[in-house]
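Following: one structure in structure tokens, then a few remarks.
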Amino acid sequence: MLDIQALRNDLDGVVATLKKRGFEFDADTFTRLENERKLVQTRTQDLQAKRNTTSKQIGIAKSKGEDVAAIMAEVAGLGEQLKADEARLAEIQAELQQLLLNVPNLPHASVPAGKSEEDNVEVRRVGTPRSFDFEIKDHTDVGTPLGLDFDTGAKLSGARFTLMKGQIARLHRALAQFMLDTQTERHGYTECYTPYLVNAETLFGTGQLPKFEEDLFSLAHNDSKLYLIPTSEVTLTNTVRDEIVPLESLPIKLTAHTPCFRSEAGSYGKDTKGMIRQHQFDKVEMVQIVHPEKSYEALEEMVGHAEHILQTLELPYRVVSLCTGDMGFGAAKTYDLEVWLPAQNTYREISSVSNCEAFQARRLQARFRNENGKPELLHTLNGSGLAVGRTLVAILENHQQADGSVTIPAALQPYMGGIERIVP
RNA sequence: GGAGAGGUGGCAGAGUGGUUGAAUGUACCUGACUCGAAAUCAGGCAUACGUGCAAGCGUAUCGAGGGUUCGAAUCCCUCCCUCUCCGCCA
């Protein structure tokens with residue numbers, strides 16, 4: 001959520017900045033609501049003040065045993081007007097809130113301008129795509145003989161669900177374990193185990209609700225609803241909701257390995273083959289909750305943490321700075337890491353690292369006590385470190401051999417019982 | 001699932017309709033005392049919003065939401081959460 005003060009003080013500036021990311025802010029509605037809010041709020045507060053002082057007088061008079069009929073008459077009728085004004089004020093504030101909740105974050109000045117992913121800017125390439133002296137297969141053809149089973153996944157649950165068996169299942173588990181160990185032992189994140197089902201409030205905090213409900217899976221639960229997390233960014237970041245954390249506990253660095261559930265509404269026909277785009281996938285997530293002055297430093301650091309995984313797994317990749325038009329709702333700046341997929345002859349997203357600045361913190365009321373002892377909003381960052389399913393795809397494609405086997409990167413071998421390759 | 005208890009400021013803990021945003025203790029900050037510290041004494045110490053250049057003034061907030069009332073932390077209703085005992089259970 002944006003700072004409403006920023007909108008009041010510099011409406012034109014905010015509108016212009018939002019336009020850069022392709023968002024049309026309804027400034028007229030905002031101005032109309034604000035004007036009415038101001039009017040109704042001052043009137044309401046005046047009435048409340050009058051009621052309060054009069055009621056106090058009644059109390060005093062009564063305690064002295066005086067007759068209060070005259071004062072009572074004074075406040076008669078005040079109640080109705082007050083009730084009406086209070087109700088109207090609540091309405092206006094709800095409308096303003098609604099308006100604000102649907103506005104994306106302001107892009108940071110360093111974010112390249114652009115409309116779509118074509119305008120993203122490549123920052124660097126690391127690693128050289130391998131040249132193959134045999135006809136390469138895509139991950140489905142490499143994986144199927146090794147235990148990747150799309151048909152059974154579809155039978156059990158439908159499209160975009162996959163069953164893994166045997167060596168593939170183990171490789172998948174090994175990747176997650178390796179990533180989690182790296183983020184905790186090498187990069188200093190605290191390992192978390194989090195709920196996979198969360199309430200609506202939690203999703204409001206990180207910005208998935210109210211705008212992106214159709215992307216989520218949900219379950220009826222008594223009279224309310226619980227949602228399956230689309231990423232553990234949701235649970236990890238919400239740990240500081242409604243908290244004022246002490247300055248000395250910053251930065252807070254959390255990681256978790258969880259499944260992620262996404263309905264992938266609107267992606268029909270995209271990546272239908274294979275396990276690039278699934279309704280359920282595993283991810284090791286990194287979250288940092290930091291002092292506002294440190295968040296851009298933390299962003300670069302986190303990209304490095306994700307890159308380290310790719311380097312260690314001997315996977316070529318590139319780092320891309322997302323343009324204003326391609327960034328997610330809550331992000332002020334995002335780097336995507338794209339891994340080389342030889343069968344697609346292209347780089348594909350495998351990690352996304354974002355600085356949300358105070359956008360989520362404001363929704364979450366996540367604050368710290370600053371140097372003056374005053375509460376101030378934190379900055380939140382999140383990033384994949386990495387998406388496990390897509391990493392599995394990358395391993396299968398990049399490390400495939402002519403005989404159909406797949407070599408296991410040295411760093412992963414301890415997690416695979418020491419074997420150097422998996423063979424159909 | 002059954003029975004009971006409870007949710008008040010950073011923490012502890014009073015308060016069951018009226019000058020209560022909230023006693024008291026503790027923590028913290030400032031000052032006095034001291035060579036310094038401890039102890040002691042005095043003062044300060046919530047958050048959000050509105051309004052104002054500012055000092056300030058006003059409003060809201062005692063788990064959440066609604067209701068009764070001139071007036072609610074206090075009474076009524078609904079919900080959420082925590083704890084204790086019993087049952088069940090991976």
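Naming: A, B, ... by sequence-line order, numbering from 1 per chain.
With hydrogens and angles disregarded, no donor-acceptor distance shorter than 3.5 Å links the side chain of A:Asp336 to the backbone of A:Glu338. In this structure, A:Arg363 contributes its side chain and A:Phe204 its backbone to a donor-acceptor pair below 3.5 Å.
Remark: A:Arg37, A:Lys38, A:Gln41, A:Thr42 in residues 29-42 of chain A come within less than 4.0 Å of RNA chain B through at least one heavy atom.
In terms of heavy-atom proximity, A:Ala306 sits nearest to A:Ser351 at CB-OG, 3.8 Å. Nearest approach of A:Asn199 to A:Tyr227, heavy atoms of both residues: C-CD1, 4.4 Å. Of all non-hydrogen atoms in A:Lys165 and A:Leu163, the two that sit nearest each other are CD-CD2, 4.0 Å. Contact between A:Pro292 and A:Leu377 at its shortest, heavy atoms only, is CG-O, 3.6 Å.
Distance CE/A:Met179 to CD1/A:Ile309: 6.0 Å, rounded to 0.5 Å. Distance check, rounded to the nearest 0.5 Å: CG of A:Leu381 to CD of A:Glu357 gives 9.0 Å.
Residue order along RNA chain B, read from the 5' end via each residue's closest nucleotide, puts A:Arg369 first among A:Arg369 and A:Asp46. Heavy-atom distances to RNA chain B give each of A:Ile60 and A:Gln93 a nearest nucleotide, and the one nearer the 5′ end belongs to A:Ile60.
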Nucleotides 60-79 of chain B: protein proximity per nucleotide (B base, S sugar-phosphate only, - neither; heavy atom, under 4.0 Å): S-------S-BS--------

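Between the side chains of A:Thr162 and A:Gln278, at least one donor-acceptor pair of N or O atoms lies under 3.5 Å. Defined by atom type and a distance below 3.5 Å, a donor-acceptor pair is present between the side-chain atoms of A:Glu86 and A:Gln48.
What separates CZ of A:Arg363 from C1' of B:A48 is a distance of 18 Å, to the nearest Å. Spacing between atom CD of A:Gln45 and atom C1' of B:U51 amounts to 9 Å, rounded to whole angstrom units. In this structure, CG of A:Asn9 is placed 11 Å from P of B:U51, rounded to the nearest angstrom. To the nearest angstrom, P of B:G18 lies 17 Å from CD1 of A:Ile71. Note: CG (A:Asp3) to C1' (B:C49) measures 13 Å, nearest angstrom. Residue A:Glu248 contributes atom CD, which lies 13 Å from atom P of B:C28 at whole-angstrom precision. Between A:Arg367 atom CZ and B:G10 atom P the separation is 10 Å, expressed in whole Å. Atom-to-atom, CD of A:Gln97 to P of B:A48 comes out at 16 Å; the value is rounded to the nearest Å.
Across all strands shown, B:U68 forms no Watson-Crick or G-U wobble pair with both distances under 3.5 Å. Under the Watson-Crick or G-U wobble criterion, with both distances below 3.5 Å, B:A5 is paired with B:U82. In this structure, B:G36 forms no base pair with any nucleotide, since neither Watson-Crick nor G-U wobble geometry is met with both distances under 3.5 Å. Figure legend. B:G56 is base-paired to B:U51; pairs are counted as Watson-Crick or G-U wobble with both atom distances under 3.5 Å. Base-pair partner of B:A46: B:U61 (Watson-Crick or G-U wobble, both distances under 3.5 Å).
For A:Gln5, the CD atom counts as densely surrounded, since its 6.0 Å shell holds more than 12 non-hydrogen atoms of other residues, nucleotides or ligands.
Here A:Arg43 lies out of heavy-atom contact (under 4.0 Å) with every strand.
Aromatic ring pairs are classed by plane angle as parallel below 30°, tilted from 30° to 60° and perpendicular above 60°; the pair A:His187 and A:His305 is parallel.
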Write down the protein N/O and nucleotide N/O pairs, taken from nucleotides 12-17 of chain B, whose separation is under 3.5 Å; answer none if there are no such pairs.
none

